[in-house]
Amino acid sequence: MMAHWLFKSEPSTWSWQQQKQRGAAGEEWDGVRNYQARNNMRAMKQGDRGFFYHSQDGKEIVGIVEVCAEAHPDSTTDDPRWECVDIRAVADMPKPVTLEAIKQNPKLADMVLVNNSRLSVQPVADDEWAEICRMGGLDRVP
DNA sequence: GCCAACGTTGGC
DNA sequence: GCCAACGTTGGC
């Protein structure tokens with residue numbers, strides 16, 4: 001069973017544009033220094049899909065990504081506690097889904113994004129995934 | 001820019 | 001092992 005995730009990034013640090021420019025090679029999702037977020041990355045499998053969310057500037061889901069390398073040591077630190085996955089851009093959200101719209105949708109009331117806004121890598125339930133894809137104008141759930 | 005929420009650190 | 005102090009994130 002394919003799990004779904006959400007990756008949060010400040011566009012001033014790492015934007016969807018930059019992610020897309022990396023193409024199929026993808027990019028290491030490094031710099032995470034939070035155990036919950038790391039544990040979520042450890043649980044990811046090759047091919048799992050996720051949302052790419054712009055925090056602070058934008059506050060909206062702008063794209064779909066795919067896990068292209070499972071958890072491995074974070075190259076930005078020598079501390080062996082920190083691991084990360086690699087992700088690659090798969091598709092744009094035809095209509096970015098804003099945090100505001102998510103908060104207004106009762107079906108999404110239990111989303112981690114709503115209830116634990118500080119967690120930077122988080123799981124997304126299958127029904128939440130489908131609902132947001134629908135809101136984002138994707139005619140097929142990827 | 002403020003501040004609430006949360007996570008981490010370190011003294012005891 | 002508890003908890004106060006501190007630092008960071010991110011919405012507003």
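Each chain gets a letter, A, B and so on, in the order the sequences are listed, and its residues count up from 1. As a basis for the values below, the full set of heavy atoms in this structure was taken, side chains included, without hydrogen atoms, waters or symmetry mates.
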(message) Looking at A/Glu131 and A/Arg134, is there a salt bridge between them, counting it only when a charged N and a carboxylate O are closer than 4.0 Å?
(response) yes
Atom [atom1] of [X] to atom [atom2] of [N]: distance rounded to whole Å?
X: A/Arg118; N: B/dG7; atom1: CZ; atom2: C1'; value: 6 Å
X: A/Asn116; N: C/dT8; atom1: CG; atom2: C1'; value: 13 Å
X: A/Gln56; N: C/dC12; atom1: CD; atom2: C1'; value: 11 Å
X: A/Asn34; N: B/dA5; atom1: CG; atom2: P; value: 18 Å
X: A/Gln122; N: B/dC6; atom1: CD; atom2: C1'; value: 14 Å
X: A/Lys103; N: C/dC12; atom1: NZ; atom2: P; value: 3 Å
X: A/Glu10; N: C/dG10; atom1: CD; atom2: P; value: 7 Å
X: A/Leu119; N: C/dG11; atom1: CG; atom2: P; value: 12 Å

(request) Output yes when at least one side-chain N/O atom of A/Tyr53 is less than 4.0 Å from OP1 or OP2 of C/dG11, else no. (result) yes
(message) Measuring to OP1 and OP2 of C/dG10, would you say a side-chain N or O of A/Lys59 lies under 4.0 angstrom away?
(response)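 For A/Lys59, the contact criterion (side-chain N or O under 4.0 Å from OP1 or OP2 of C/dG10) is not met.
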(request) Return the orientation label for the A/Trp129 and A/Phe51 ring planes: parallel under 30°, perpendicular over 60°, tilted otherwise. (result)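 Parallel, since the angle between the ring planes stays under 30°.
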(message) Can you confirm whether or not the ring centre of A/Phe52 sits under 6.0 Å from the ring centre of A/Trp14?
(response) no
(request) Pick base, sugar-phosphate or nothing for A/Gln36, based on heavy-atom distances below 4.0 Å to the nucleic acid. (result) sugar-phosphate
(request) Assign A/Leu99 to base, sugar-phosphate, or nothing according to its heavy-atom contacts below 4.0 angstrom with the strands shown. (result) sugar-phosphate
(request) Let me know which of A/Arg33, A/Arg42, A/Arg38 forms a salt bridge (charged side-chain N to carboxylate O under 4.0 Å, His left out) with A/Asp74. (result)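 The single option meeting the salt bridge (charged side-chain N to carboxylate O under 4.0 Å, His left out) with A/Asp74 is A/Arg33.
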